[in-house]
A.B. asks: 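Take a look at the following structure, please.
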Amino acid sequence: MLPQSIPSPGWSAFHLGPLTIHAYALCILAGIVAGWSLAVRRFTARGGDRDHFEEIIGASVLAGIVGARLYHVITDHQLYFGAGRRPMEALYIWNGGLGIWGGVALGGITAWLLCRRKGVDFSVLADAGAPGLILAQAIGRLGNWFNQELFGRPTTRPWGLEIDAVHRPDGFEQFATFHPTFAYEMLWNLAGVAFLLWAERRFRLAHGRVFALYVAYYCAGRLWIEHLRIDPVNTAAGFRLNEYTSVIVLLCAVIVFMLLSRRHENDEASGLPQA
């Protein structure tokens with residue numbers, strides 16, 4: 001007999017002596033490890049130096065986490081500041097709340113600066129890392145399942161996600177199952193890994209176009225997934241702030257892709273191994 005819904009985990013953390021281990025953090029770390037492994041293999045296959053990669057990406061990952069948290073806190077400031085709020089909780093990253101656009105922006109700036117310092121071609125690094133980045137995002141989304149967060153509107157479909165009453169937003173207390181939008185995004189991102197690898201080989205993409213395609217692909221998926229979500233966020237004219245961000249960044253990525261394609265339309269692809 002098929003299940004009528006998907007259960008949520010009954011726990012989000014466990015203890016090892018005095019340490020509290022959060023499932024959200026473990027999922028983020030697992031995503032970083034998987035994405036890192038794919039990216040370093042692709043970068044070295046293109047003749048890149050592994051030591052340079054590890055130094056640049058190591059710093060960029062840390063900067064990306066800071067940027068992702070800053071984006072979340074700034075765009076959802078009402079969750080942490082104001083009457084009855086605890087500003088200190090803005091630092092509680094294990095409770096969830098990472099905005100990918102802030103992470104990519106600050107992480108990307110950090111990588112670009114370090115590439116200039118070390119004489120590394122930033123476009124090669126970005127293209128090599130793009131599939132690994134979206135893979136890391138896919139795995140990291142599992143953390144939202146443990147935290148019972150980032151789900152969508154109520155649904156009675158068999159893949160509806162069971163949410164405990166304490167985690168249901170105001171106005172939705174009477175509903176028990178919701179769209180698992182974090183899972184939709186996870187599946188979209190996993191498909192994105194395959195799509196980027198296929199498109200790179202099929203169209204011999206290079207010169208930063210793989211990274212631009214990653215940004216456009218992710219934003220296209222995030223737009224429709226964001227529209228399903230019901231977690232309280234800031235809105236304007238009936239649309240969530242992240243929907244506006246998705247559209248703006250999507251358009252920018254498409255323009256950049258087109259400009260790069262025009263600039264390098266007569267160039268041969270790098271010819272380096274694809275991975």
Side-chain angles (χ1 to χ4, degrees), residues 30-58 60-61 64 100-101 103-105 107-112 114-116 118-141 184-225 246 249-275:
I32 291 173
V33 170
W36 182 298
S37 299
L38 177 58
V40 70
R41 180 163 62 87
R42 286 168 51 79
F43 184 67
T44 55
R46 287 155 177 73
D49 183 272
R50 185 185 182 99
D51 290 338
H52 282 165
F53 174 88
E54 292 180 346
E55 292 176 26
I56 294 170
I57 299 302
S60 299
V61 166
I100 185 61
W101 293 287
V104 172
I109 291 172
T110 301
W112 177 74
L114 290 176
C115 281
R116 285 176 58 88
K118 296 181 179 296
V120 175
D121 188 330
F122 175 70
S123 68
V124 173
L125 181 77
D127 282 347
L133 182 54
I134 199 169
L135 174 62
Q137 290 174 242
I139 297 173
R141 274 299 178 209
Y184 297 165
E185 185 173 332
M186 181 181 69
L187 294 174
W188 178 266
N189 290 348
L190 288 175
V193 177
F195 171 68
L196 291 178
L197 295 176
W198 170 81
E200 181 181 48
R201 292 190 180 95
R202 174 65 178 82
F203 302 105
R204 298 180 64 80
L205 300 180
H207 309 294
R209 285 177 289 178
V210 179
F211 187 81
L213 186 60
Y214 146 70
V215 175
Y217 175 89
Y218 174 75
C219 289
R222 183 63 183 267
L223 181 60
W224 67 266
I225 293 169
S246 296
V249 178
L250 170 62
L251 292 176
C252 290
V254 170
I255 292 171
V256 169
F257 183 90
M258 293 174 64
L259 291 174
L260 289 173
S261 296
R262 178 173 299 178
R263 176 181 299 177
H264 300 284
E265 62 182 345
N266 296 320
D267 296 350
E268 290 293 332
S270 65
L272 293 171
Q274 305 293 306

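Basis for what follows: all heavy atoms, side chains included, without hydrogens, waters or symmetry-related copies.
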A.B. asks: If you round to the nearest 0.5 Å, how far is CG of L133 from CG of L38?
C.D. replies: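 Spacing of CG (L38) from CG (L133) equals 10.5 Å.
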A.B. asks: For the atom pair OG (S123) and CH2 (W112), what is the distance rounded to the nearest 0.5 Å?
C.D. replies: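 If we round to the nearest 0.5 Å, S123:OG and W112:CH2 are 13.5 Å apart.
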A.B. asks: Just verifying a value: how many Å separate L260 CG and H207 NE2, rounded to the nearest 0.5 Å?
C.D. replies: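 Those atoms lie 9.0 Å apart.
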A.B. asks: I need the I56 CD1 to R116 CZ distance, nearest 0.5 Å.
C.D. replies: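 Reported value, rounded in 0.5 Å steps: 12.5 Å.
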A.B. asks: Without swapping roles, check the side chain of N189 against the backbone of L135 for a donor-acceptor pair under 3.5 Å.
C.D. replies: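 No, the answer is negative, given that no donor and acceptor are paired below the 3.5 Å cut-off.
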A.B. asks: Could you tell me whether the side chain of R222 and the main chain of E185 form a donor-acceptor pair under 3.5 Å?
C.D. replies: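 It does not hold such a pair.
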A.B. asks: If only atom types and distance count, is the side chain of R46 paired as donor or acceptor with the main-chain N or O of R42 below 3.5 Å?
C.D. replies: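 Confirmed, R46 side chain pairs with R42 backbone.
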A.B. asks: Counting C-beta onward and ignoring hydrogens, is there a side-chain heavy-atom pair between L213 and F257 closer than 4.5 Å?
C.D. replies: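 They are in side-chain contact.
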A.B. asks: Work out which heavy atom in P131 is nearest to a heavy atom in A128; give both atom names and the distance.
C.D. replies: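 That closest heavy-atom pairing would be CD-O, 3.8 Å.
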A.B. asks: For A212 versus A253, what's the shortest heavy-atom pair and its separation?
C.D. replies: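 Looks like O-CB, 3.6 Å.
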A.B. asks: To the nearest 0.5 angstrom, please state how far the CH2 atom of W101 sits from the OG atom of S246.
C.D. replies: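 Nearest 0.5 Å value for the CH2-OG distance: 3.5 Å.
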A.B. asks: Below 4.0 angstrom, N of the basic side chain to O of the carboxylate: do R50 and E55 qualify?
C.D. replies: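 Here R50 does not pair with E55 in a salt bridge, since their nearest N and O are not under 4.0 Å apart.
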A.B. asks: Whether the side chain of Y217 engages the backbone of G192 through a donor-acceptor N/O pair (distance < 3.5 Å, no angle test) should be reported.
C.D. replies: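 It does hold such a pair.
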A.B. asks: Check A216 against L250 and note the closest heavy-atom contact, atom names and distance.
C.D. replies: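 It is O-CD1, 3.2 Å.
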A.B. asks: Below 6.0 angstrom between ring centroids: does that apply to W188 and Y218?
C.D. replies: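 Centroid separation for W188 and Y218: 6.0 Å or greater.
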A.B. asks: Looking at F43 versus W36, is the centre-to-centre ring distance below 6.0 Å?
C.D. replies: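 No, the ring centres sit 6.0 Å or more apart.
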A.B. asks: Yes or no on side chain to side chain contact (heavy atoms under 4.5 Å, CB included) for L125 and I57, after CA distance, side-chain angles and deciding distance?
C.D. replies: CA-CA 9 Å; L125 181 77; I57 299 302; 4.1 Å; yes
A.B. asks: Any carboxylate oxygen within less than 4.0 angstrom of a Lys/Arg side-chain nitrogen, looking at E265 and R209?
C.D. replies: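 A salt bridge is absent here (no side-chain N lies under 4.0 Å from a carboxylate O).
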A.B. asks: For the ring pair F211 and Y214, is the centre-to-centre distance below 6.0 Å?
C.D. replies: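 Ring centroids of F211 and Y214 are less than 6.0 Å from each other.
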A.B. asks: Roughly how far, to the nearest 0.5 Å, is the CG atom of D127 from the CD atom of E200?
C.D. replies: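 If I round to the nearest 0.5 Å, the distance is 6.5 Å.
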